*Asks:* 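Quick one: this structure, given as C-alpha cells, is what I'll be asking you about.
Worth saying up front: this structure is predicted, and the values here are computed from it rather than measured. Position 1 is the first residue of the sequence; numbering continues from there.
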Amino acid sequence: MRIDERKKVRNVFGENIVIMQSDNTVDMTKVVALNESALLVHDRLVGKDFTVADVARVLTDEYDVDEATALRDAEALVASMRKEHLIVD
C-alpha cells in the first residue's frame, strides 16, 4: 500500500489537514485532520510502499510503546486512513 500522494497535507492554523474535493458537480469537499501520529506516519512513509508492520515500526521508533500496542495502533490507523481514502493499494 502507499499514501495517496495526490492528497496533500496542509497546516492551517496549527491543524494538519487534507482537503479532498469530490469529482462530481455537487460540492462535497471533505476535510480530514491528521493527529500527531498520523502526520508522522504520513511524512515518514509518503512515496514508499509499506505494510502495517512498517507503520508499527514508525510508531515504536518515535514513541515509547511496545510492539504489540504499536501493531494494534498501526492497524487502526491504516484502517482509518483507508476509510478516508488516504491510502491506495
*Asks:* Which heavy atom of S37 sits nearest to which heavy atom of L59, and what is that distance?
*Replies:*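 The answer is CB-CD2, 4.3 Å.
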
*Asks:* Under the side chain to side chain contact (heavy atoms under 4.5 Å, CB included) test, which residues partner D66, sequence neighbours left out?
*Replies:* A68, T69

*Asks:* Who passes side-chain hydrogen bond (donor to acceptor under 3.5 Å, both in side chains) against E36, sequence neighbours left out?
*Replies:*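 side-chain hydrogen bond (donor to acceptor under 3.5 Å, both in side chains) check on E36 returns Y63.
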
*Asks:* Please tabulate, one pair per line, all N/O donor-acceptor pairs under 3.5 Å involving side-chain atoms of residues 50-57, not counting sequence neighbours.
*Replies:*
| from | atom 1 | to | atom 2 | distance (Å) |
| --- | --- | --- | --- | --- |
| T51 | OG1 | A53 | N | 3.3 |
| T51 | OG1 | D54 | N | 3.2 |
| T51 | OG1 | D54 | OD2 | 3.2 |
| D54 | OD1 | R57 | NH1 | 2.7 |
| D54 | OD2 | T51 | N | 2.8 |

*Asks:* Going by the rule salt bridge (Lys or Arg N to Asp or Glu O under 4.0 Å), which residues pair with D49 if we only count those two or more places apart in sequence or in a different chain?
*Replies:*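 For D49 the salt bridge (Lys or Arg N to Asp or Glu O under 4.0 Å) partners, ignoring immediate neighbours, are R2.
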
*Asks:* Roughly how far, to the nearest 0.5 Å, is the CG atom of L40 from the CG atom of D61?
*Replies:* 9.0 Å

*Asks:* Could you tell me which residues satisfy salt bridge (Lys or Arg N to Asp or Glu O under 4.0 Å) with E62, sequence neighbours excluded, listed by chain and number?
*Replies:* R44

*Asks:* Report the distance from atom CD1 of I3 to atom CG of D43, rounding to the nearest 0.5 Å.
*Replies:*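 Taking CD1 in I3 and CG in D43, the distance rounds to 9.0 Å.
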
*Asks:* Can you run down the salt bridge (Lys or Arg N to Asp or Glu O under 4.0 Å) pairs that involve residues 7-18, sequence neighbours left out, and say none if there aren't any?
*Replies:* D4-K7

*Asks:* I'd like to know whether CD of E75 has more than 12 heavy-atom contacts from other residues, nucleotides or ligands below 6.0 angstrom.
*Replies:* yes

*Asks:* Side-chain polar contacts of residues 82-89 - donor-acceptor pairs under 3.5 angstrom, sequence neighbours left out - could you list them?
*Replies:*
| from | atom 1 | to | atom 2 | distance (Å) |
| --- | --- | --- | --- | --- |
| R82 | NH1 | D89 | OD1 | 2.9 |
| R82 | NH1 | D89 | OD2 | 2.9 |
| R82 | NH2 | D89 | OD1 | 3.2 |
| E84 | OE1 | K30 | NZ | 2.4 |

*Asks:* So, using side-chain hydrogen bond (donor to acceptor under 3.5 Å, both in side chains) as the criterion, who are the partners of N16 when residues are at least two apart?
*Replies:*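 Checked N16 against side-chain hydrogen bond (donor to acceptor under 3.5 Å, both in side chains); matches are N11.
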
